[in-house]
Amino acid sequence: MGDPLAGGPHGLPLAAPGLLPVILDGVADGIAVLDRDGRCIYLNESAGAMLGQAPAGMLGSRLWNQLPEDLRLGLRQACEAAAETGVADRLVGRSAKLGCWFEFRVLPHDGDVVIVFRDVTDEQLAHDELVEHLDRNFEAERIVGFGVWRWELRSGRVRWSDELHRIYGLAPGDFGGTVDAFISYLHPEDRERVWATVSRSVETLEPFIFEERIMRPDGEERVLLSKGRVIADSDGSAEALVGVCYDVTERARIERALGASERRMRAIIDNSPSVISVKDLSGRYLMSNLESGRVLGMETDEIVGKYCTDLFPPEIAEAQRANDARAASEGDPVYDDVVFVRNGEPRNYVTSTFVLPDEEGFALETCTIATDVTERRDYETTRRERAECAEQITSALAEDRMLVFGQPIIDLRSGAHAASELLVRLQSAGERPETLAPGRFLPAAESFGLIQPIDIWMVRQATVLSDPVVLEVNISAVTMSDPAARREIVELLAGAPAAAARIVFEITETAAATHLDATFAFAKDIERLGCRLALDDFGTGFGSFTYLRKLPLSFIKIDVSFVRGMVESLDDRRVVQSIIGIAKQFDLATVAEGVENEATLELVRELGADFAQGFHIGRPAPIAAVRH
Ligand code: C2E
Ligand code: MG
Ligand code: MG
């Protein structure tokens, strides 16, 4: 045994040997170190003050002899047991002489024993007073709304205040007064936990607190909060337990409801198709929903704690940080556009970033909701384009900027100009008008269902043109499928029977295949009025001959794509030859479109085509359109 403060028991650095006593003297708790014989080898200032003597005067004496009599035995036994077993102990004892409560912590160390002790009188009295006071003062207890109980461990008697009876739904005095009676009211699932908590306090003398469900005799379940402490006898062993009991059923119900509301909120957020996240003001993610995880390809738990810069490319992270900062400083939501890649596909999002305020209204966190607007944008783009297309057609018709071009078709036997195909052109508005080919405006007009006025306009042109030859007019599937447009065309033709007899309507093979019923209906209408029908662009459609059998056709027009290169391509020549052969089988005349040179003209004639059309014969050229 040496100097107890020479760096040993406390493990403080020996380089500061003078420091330790200064520190220990500054501590409010009494500290004493006893050797194997129980003699004091060190006491700090507070120990001296509590025991009413100078520390130096007590060195070498046995500590417990310095204590009031009613504390001696307990401490002595605890010190001897600790020195022997090496196990720390804790006891609380009261000195009747001093009228004080002390708590001793007995810490064995290498044969010596360190005792840390303090005066706990105030704490004990405060609790005892409260319990005792409430135990007596039922009126106050009722106002405050909690019951009091006391369990004498030796006799096993349990006393309940009237208010506690009331909480349990019992008449005062109806409680059986035993631990078993108390346990019988406890919810079976809570019994083990409550018993373990109470038993631990009896052992350690520590205060206890637990929440328990009780079953009242009327069958109602209530939730109670019990708090209390152990009263120790002079030996430091538990003598009784006193406790106060609050009925917290309503609070528990609110908490459950809050839990349910939180779960409900979570479900809504997680099922939202939008990307939702909350960040603190340093930009760290506090929460993110399932859709965020899907977009980032991560679990939501992995996102929490990260920063934008950890998750997004620098430009997106930078923009989001700026939006967070603006929302936090200005208080108004900040809207932005961003492109996130989801499932490998870039998608357009609109983000709204706003502040989540604390109770006083100060910015606490920022929330960002990003909504995928890709389809909406596409829809809006389509709507805008449709409106533009409609405007273009309407204004062109109204301002006589819709033009008729004609392209000659010759009879291959006589070489005579037998017919003209009418092809539409649109002259753009503005200072430098441009003549637009059908490819520039017809596909949009057709897909938006706006082609009917053009076809009707062209039919009107055909009925009034003074050209003596046959006129071929193209009709879209959209127009054929529109009963109102069909009616209008029928009326126009019926009003000009001589012109109608010179008109050949051209329907593409694709239109016939995809709108078979409308094509039949249209074919029937125009046949009655003396018009004829040609199947246009033959060979590019579905290659089915159904229409050849079923439609009242007069001509088949072999598509430009087979005719143009047929001198060089044996395959194309074979296709043209086959089509001519099939047409003959069905007793139909053939028109070879796309004749661009003399060799092709000779070839189609040789193969037996009836008519030819193409740049070599004549390019489409303006025919004076008739004003409305
Ligand atoms: P289509 O009915 O097959 O008309 C023939 C197209 O081939 C015309 O194109 C014509 O200029 C082009 N063509 C004629 N000969 C040759 C040639 O030797 N070589 C080449 N490479 N091409 C030649 P265009 O005028 O641009 O018309 C394109 C399509 O627009 C037409 O094809 C027709 O389907 C459609 N179309 C034109 N006017 C109307 C119309 O008033 N109503 C409807 N519904 N469609 C029309
Ligand atoms: Mg045509
Ligand atoms: Mg064609």
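As the structure lists them, so they are numbered: ligands from 1, and atoms in each ligand from 1.
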Which bit of [X] is near ligand 1, meaning a heavy atom under 4.0 Å away: side chain, backbone, both or neither?
| X | result |
| --- | --- |
| Val560 | side chain |
| Met402 | neither |
| Asp559 | neither |
| Asp455 | side chain |
| Glu506 | side chain |
| Glu421 | side chain |
| Val473 | neither |

Using distance alone, decide if ligand 1 has a nitrogen or oxygen within less than 3.5 Å of any nitrogen or oxygen in [X].
| X | result |
| --- | --- |
| Gln407 | yes |
| Gly614 | no |
| Asp536 | yes |
| Val424 | yes |

Checklist entry - Any non-hydrogen protein atom below 4.0 Å of atom 12 (C) of ligand 1? => result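 Protein heavy atom within 4.0 Å of atom 12 (C) of ligand 1: absent.
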Please confirm whether [X] comes under 4.0 Å of ligand 1, counting heavy atoms of the residue only.
| X | value |
| --- | --- |
| Arg619 | no |
| Glu596 | yes |
| Pro620 | yes |

Checklist entry - Which atoms of the protein, restricted to N, O or S, are nearer than 2.8 Å to the Mg ion (ligand 2)? => result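 Listed by chain and number, the nearby protein N, O or S atoms are Glu421 OE2, Asn474 OD1, Glu506 OE1, Asp536 OD2.
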Minimum-distance pair of heavy atoms, taken over all atoms of [X] and [Y]:
| X | Y | answer |
| --- | --- | --- |
| Ser274 | Ile369 | CB-CG2, 3.8 Å |
| Ala462 | Ala499 | O-CB, 4.2 Å |
| Glu291 | Ser272 | CB-O, 3.9 Å |

Next on the checklist: Among residues at least two apart in sequence or on other chains, which ones pass salt bridge (Lys or Arg N to Asp or Glu O under 4.0 Å) with Asp324?
Outcome noted: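 In terms of salt bridge (Lys or Arg N to Asp or Glu O under 4.0 Å), with neighbours along the sequence ignored, Asp324 is linked to Lys279, Arg321.
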